[in-house]
Amino acid sequence: MNNKEVVRVLVTIADLLEIKGENMFRVRSYRNAAATIDGLLVSLELIAETDEDRLEDIPGVGKAIHGKIIEILASGSCALLDDLTSELPAGLLDMLGVSGLGAKKVKLFYQSLGIDTVDDLEEAALEGRLRDLPKMGEKSEQKIVKAIERYRRTQKSSKRFRLDSATAIAAEVTEYLSGVEGVETVEVAGSLRRWRESVGDIDILVTGQDGTAVMDAIAAYSEVVEVIGKGDTKTSVLLAVGNTRLQIDVRFVEGASKGAALNYFTGSKEHGVALRGRAKRMGRKLSEYGVFDEETGSQLAGGDEVEVYKALGLPYIEPELRENRGEIEAAEKGELPCLITEADIRGNLHMHTTASDGANTIEEMARAAIVTGYEYIAITDHSKASGIAGGLDEKELLKHINDINVVARKLKDEGEELIILKGTEVDILANGVLDYSDELLSMLDCVVGAVHSGFDMEGERMTARIIAAIESDMLNILAHSTGRLIGAREPYDMDMNAVMDVAAEFGVAMELNSYPQRLDLKDIHCRMAKDKGLLISIATDSHSTGTFSNMTYGVHTARRGWLEKQNILNTRALGELLKILKKDR
DNA sequence: GCCGTTTTCGGCCCGACTGTTTTCAGTCG
């Protein structure tokens, strides 16, 4: 029973209580607790095992929810949820997933017409049976039919977008809106500005002279297939992206509110709620228009985001930290991390060449690294067990080492300063043994280890497998540790806490793989690693020269994990790096 | 249901858009 499952139960309870018409503050309590637990670093099970009372140290968890968590951990459910589900059909939860429908409407349809599935709702809307209900009309029916179409579409495809595709689309829309007359600034906000690993929509903030011109422009954008809502300052549209749809929300404010609007629009929702609560306690009011004195109504800040935080008695908080995971408390105490930046990165310790499954030669990769500005790289082609990826056998690896030396010498003769480390991405076999002998691995500068097979191995065996590889004491870096592919493959079952403890003991760094489909470790794992004193290697796992630029996704994910320069292996100067890689041997 | 630099009771974030209304509730972010 992991945290995610507890979150799911708490959210379901909140949804059902809301449909029942329970006190909204009680409903919110369950949502708050769920949101906090979702961002928790440690597993609830671990807390409950060691000291149950510490569950109430979690903000938003009091006596009642504490009890529910214990129940859920033990049985996967709790008496309250069981009561609610016996009272209300499960289909109501699906109906809640239809955009534009909230608890009140779902309850109305259920109680007055007995509608308890999305299919029934669609039928009723098409037959015109909803229009006579209070606060309902023909237009509402049409809206519901449309919303159900969208609901079905998102059910079929994965409804979240990868960071790289969302970034590209946002850039196009930004450029388009910048060309609208009277527009002064256009900025990407929302989860994309926070560099979440995937985004559900794109939020864009525009400032300038004329809001209606901006609203008209986005509604008329060539890729738009549907306008969901359009007002004087806010418009939502759907873009066609392949056979799926991406929602874009555009918001307009005047320059004097830009900072406050950017803050509001960047979120996260939980961060914003916490800030507005804080403002209120200070006798101030925070909205997208600024920080205001509640008594006099005068504006204290608004145009600049730094000033907004200042008016709330806080230093500036970087967008990546705004998840209400302790950043406001850290800011209060002056203990915000000094986040790593891309400029701190000195090298890249995971990449492939034509020797295995890469598209470019050693020399091409090296020259691209020089252009990127790296001081060092590690060439880490696959080992023999990865046959499909052209993994090298022992003889080929020896030749490969020689080939790297030849390129290194050639570049040195040309006066280049790039250092090329000889490495491997060695398979961690099913029994935890590495795919090359210790003798061979000892000849290399940088040993990156990874699991490439048997992903569906049961958790205890997978954990033991990886720990055995670390305990061989031949690994420098554990690569893409969970094996997940965002939206495509679940992380494999393993005990991250246990793996990290052993990695810390053996001086093994954990990789943050910057490939936008991986981002593995993910943000909260990075923070966990930091707490355990582990080093992180932010690497691109490049299979061609064109993908070094993915480093930016890795760096920003590291920032989401509160990482600083000193937490990162590849921010070290060469001498220090080599010392760490040699593990004093 | 949770919480407290004013509180153990009485609060609990703020505003835009929509469709239905004659002044606002529901939903969303």
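Not measured: the values here are computed from a predicted model. In what follows, chains carry the letters A, B, and so on, assigned in the order in which the sequence lines appear, proteins first and then strands, with residues in each chain numbered from 1.
Taking side-chain N and O atoms only, Lys104(A) has a distance below 4.0 Å to OP1 or OP2 of dG26(B).
For the residue pair Val186(A) and Leu177(A), the shortest heavy atom distance occurs at CG2-C, 4.0 Å.
The distance from atom CE of Met95(A) to atom C1' of dT27(B) is 15 Å, rounded to the nearest whole Å. At whole-Å resolution of the value, CD1 in Ile248(A) and P in dG29(B) are 14 Å apart. Atom CG in Leu133(A) sits about 14 Å away from atom P in dG26(B), given to the nearest Å. Glu138(A) places its CD atom 12 Å from the P atom of dT21(B), with the value rounded to the nearest Å. dC2(B) atom C1' lies 16 Å from atom CZ of Arg31(A), rounded to whole Å. Regarding Ile202(A), its CD1 atom lies at a distance of 16 Å from the C1' atom of dG29(B), rounded to whole Å. To the nearest angstrom, P of dT27(B) lies 18 Å from CG of Asp249(A). Distance CD (Glu56(A)) to P (dG4(B)): 13 Å, rounded to an integer number of Å.
Ring planes of Tyr176(A) and Tyr221(A): tilted class, angle from 30 to 60°.
For the salt bridge (Lys or Arg N to Asp or Glu O under 4.0 Å) test, residues two or more places apart in sequence or in another chain that qualify with Glu226(A) are Arg150(A).
Atom name C1', nucleotides dT18(B) and dT23(B): the rounded distance is 15 Å, in whole Å. Straight-line distance between the P atoms of dC13(B) and dG4(B): roughly 14 Å, to the nearest whole Å. With P as the reference atom, dG29(B) and dT22(B) are 28 Å apart, rounded to whole Å. Using atom C1' as the reference point in both dT8(B) and dG1(B), the two lie 14 Å apart (nearest Å). dC9(B) and dG15(B) have their C1' atoms separated by 29 Å, given to the nearest Å. Annotation: dT6(B) and dG11(B) have their C1' atoms spaced 12 Å apart (nearest Å). Straight-line distance between the C1' atoms of dC14(B) and dT7(B): roughly 24 Å, to the nearest whole Å. Between dA16(B) and dG10(B), the two C1' atoms lie 29 Å apart (nearest whole Å).
In terms of modelled atom types and a separation under 3.5 Å, the side chain of Glu564(A) and the main chain of Cys338(A) share a donor-acceptor contact. Here the side chain of Arg484(A) pairs a donor or acceptor atom with the backbone of Leu519(A) at under 3.5 angstrom.
Met24(A) comes within contact range of no nucleotide atom at all, as no heavy-atom separation falls under 4.0 Å. Looking at heavy-atom distances under 4.0 Å, Pro59(A) makes contact with sugar-phosphate atoms alone, never a base. Counting non-hydrogen atoms under 4.0 angstrom, Leu275(A) reaches nothing in the nucleic acid. Heavy atoms of Glu18(A) sit nowhere under 4.0 angstrom from any nucleic acid atom.
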Going 5' to 3' along nucleotides 7-17 of chain B, which nucleotides have protein heavy atoms under 4.0 Å from the base (write B), which only from the sugar-phosphate (write S), and which from neither (write -)?
-----BBSSSS
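dG11(B) and dC2(B) make up a base pair, with Watson-Crick or G-U wobble contacts both under 3.5 Å.
Nearest-nucleotide positions on DNA chain B place Arg26(A) closer to the 5' end than the other of Arg26(A) and Ala103(A).
A donor atom on one side chain and an acceptor atom on the other are found under 3.5 Å apart for Asp249(A) and Ser236(A). For the residue pair Ser198(A) / Arg160(A), a side-chain donor-acceptor distance below 3.5 Å is found, with atom types taken as modelled.
Val273(A) has its side chain out of reach of Asn324(A): every pair of non-hydrogen atoms, C-beta onward, lies at least 4.5 Å apart.
Ion pairing between Glu197(A) and Lys522(A) fails under the 4.0 Å rule for side-chain N and carboxylate O.
Atom CG of Leu339(A) is separated from atom CZ of Arg560(A) by 11.5 Å, given to the nearest 0.5 angstrom.
The side chain of Gln247(A) sits closest to dG29(B) out of dT27(B), dT20(B), dG29(B).
By the neighbour-count criterion of 12 heavy atoms within 6.0 Å, atom NZ of Lys532(A) is densely surrounded, having more than that number from other residues, nucleotides or ligands.
Annotation: proximity of residues 140-147 of chain A to DNA chain B (heavy atom, distance under 4.0 Å) is found for Ser140(A), Lys143(A), numbered in ascending order.
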